[in-house]
Amino acid sequence: MKSKLKVIVLAFFALFFMGANFFSQDNSNEEKKAPPENSQDSEASEDEPDVYDDEYDFVYLQNAAGDQYINVRIMPNFPLNFDNKLKVGGQVTVGYSRFLNTWLALGVELAFGYNPTIGSNIYTYIPMTVAVTFLPAIKKFEFPITLNVGIAVENYLSNTYFPGFVLRAGAGCYYRLRESWSFGLEGFFTYMPQWYFKEPEKNDYLNMASVSAGVKYHF
């Protein structure tokens, strides 16, 4: 019984492989013998683009939704009020942003700034802001337009003011030197008021203009 079963199994596999071999040879012969239905159509089809090519088209976008960048800026600050009581100072900002689409990014920024005052004293401030950036681009040039809104810790002598309101608006131009790096210049206007609700006569504000040199790392 076992010997008969072995013979049947071997015969089945032999017939299977013979049939598969015959089928493959028959198909290959048909492909070789079958002439093109219309030689002109075949030549035209070679000239025409493949209808499926568009499916694989790759469009490079300098910025796209989900892209991120870290920016670092160094800038001098020029007080626009307080006459000569507040001198030219400086500021450093570090920020992180993420693109919501190809031209709009949302992020956060942390800065440290100072301005010398009369009597060789120093007025310092640490703004912490949310940044909304509109970023149109032309080839490798980017033109960021940024609005920052947030709070700041301000200190002068032994007086600390917190939370202070910060509003900063700016625009500039960056050049994408490489895919991951861009460099540029920006100009900013900053408004930082101090409001004393119990003593409104003490209310004051600072207006500043700044010009920054910055670098961005894109990833």
Side-chain angles (χ1 to χ4, degrees), residues 49-80 88-115 122-155 162-193 206-219:
D50 192 340
V51 294
Y52 297 103
D53 283 348
D54 291 342
E55 183 180 352
Y56 302 100
D57 282 350
F58 178 78
V59 178
Y60 174 76
L61 296 175
Q62 189 156 274
N63 300 306
D67 288 354
Q68 306 165 73
Y69 65 85
I70 296 172
N71 65 77
V72 179
R73 304 188 194 95
I74 300 176
M75 64 185 80
N77 290 331
F78 303 93
L80 301 178
V88 177
Q91 187 173 177
V92 176
T93 70
V94 178
Y96 161 82
S97 293
R98 181 184 180 91
F99 280 92
L100 304 181
N101 52 42
T102 58
W103 52 267
L104 185 66
L106 181 66
V108 293
E109 289 188 359
L110 177 66
F112 174 80
Y114 76 96
N115 287 84
I122 300 292
Y123 165 61
T124 61
Y125 38 93
I126 304 175
M128 296 164 281
T129 61
V130 174
V132 179
T133 304
F134 174 69
L135 199 82
I138 301 176
K139 295 185 178 180
K140 291 189 176 183
F141 288 95
E142 300 175 331
F143 304 92
I145 301 172
T146 305
L147 179 66
N148 294 69
V149 179
I151 59 176
V153 180
E154 303 173 47
N155 183 79
F162 179 81
F165 177 72
V166 180
L167 177 64
R168 184 171 69 221
C173 177
Y174 276 72
Y175 179 74
R176 187 70 73 90
L177 185 63
R178 295 183 179 178
E179 183 177 353
S180 299
W181 294 97
S182 60
F183 303 85
L185 300 174
E186 291 178 271
F188 292 97
F189 171 80
T190 303
Y191 171 67
M192 290 198 307
L206 171 63
N207 290 335
M208 290 189 300
S210 308
V211 179
S212 74
V215 57
K216 293 181 181 180
Y217 173 69
H218 304 261
F219 60 100

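Quick caveat: nothing in here was measured; it's all calculated off a predicted structure.
- Rounded to the nearest 0.5 Å, atoms NZ (K140) and OG (S182) are 12.0 Å apart.
- With sequence neighbours left out, the side-chain contact (heavy atoms from CB on, under 4.5 Å) criterion links N155 to T124, T160.
- In this structure, S180 and F219 have side chains that are not in contact, with every pair of non-hydrogen atoms separated by 4.5 Å or more.
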Donor-acceptor pairs under 3.5 Å, side chain of residues 141-151 to any protein atom, not counting sequence neighbours: which ones?
from : atom 1 : to   : atom 2 : distance (Å)
E142 : OE2    : Q62  : NE2    : 3.3
E142 : OE2    : N63  : ND2    : 3.1
E142 : OE2    : R176 : NH2    : 2.8
T146 : OG1    : T133 : OG1    : 3.3
N148 : ND2    : E109 : OE1    : 3.0
N148 : ND2    : T129 : OG1    : 3.0

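- Between F189 and L80 the shortest side-chain heavy-atom distance falls below 4.5 Å.
- Partners of L185 under the side-chain contact (heavy atoms from CB on, under 4.5 Å) rule, at least two apart in sequence or in another chain, are A213.
- In this structure, the side chains of M208 and F188 stay at 4.5 Å or more apart for every pair of heavy atoms.
- The CD1 atom of I126 lies 10.5 Å from the CD atom of E154; values are rounded to the nearest 0.5 Å.
- Between C173 and Y175, every side-chain heavy-atom pair lies at or beyond the 4.5 Å cut-off.
- Among F162, Y125, F112, the single residue meeting the side-chain contact (heavy atoms from CB on, under 4.5 Å) criterion with V153 is F162.
- Within the structure, salt bridge (Lys or Arg N to Asp or Glu O under 4.0 Å) contacts touching residues 206-216 (residues at least two apart or in different chains) do not occur.
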Throw together a table of side-chain donor-acceptor distances under 3.5 angstrom for residues 91-105, partners on residues two or more places apart or in other chains.
from : atom 1 : to   : atom 2 : distance (Å)
Q91  : NE2    : N77  : OD1    : 3.4
T93  : OG1    : R73  : NH1    : 3.3
Y96  : OH     : Q68  : OE1    : 2.5
N101 : OD1    : W103 : N      : 3.0
N101 : OD1    : L104 : N      : 2.9

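- Residues passing the side-chain contact (heavy atoms from CB on, under 4.5 Å) test with V215 are V72, W181, F183, sequence neighbours excluded.
- Atom-to-atom distance recorded for M192:CE and Y123:OH is 3.5 Å, nearest 0.5 angstrom.
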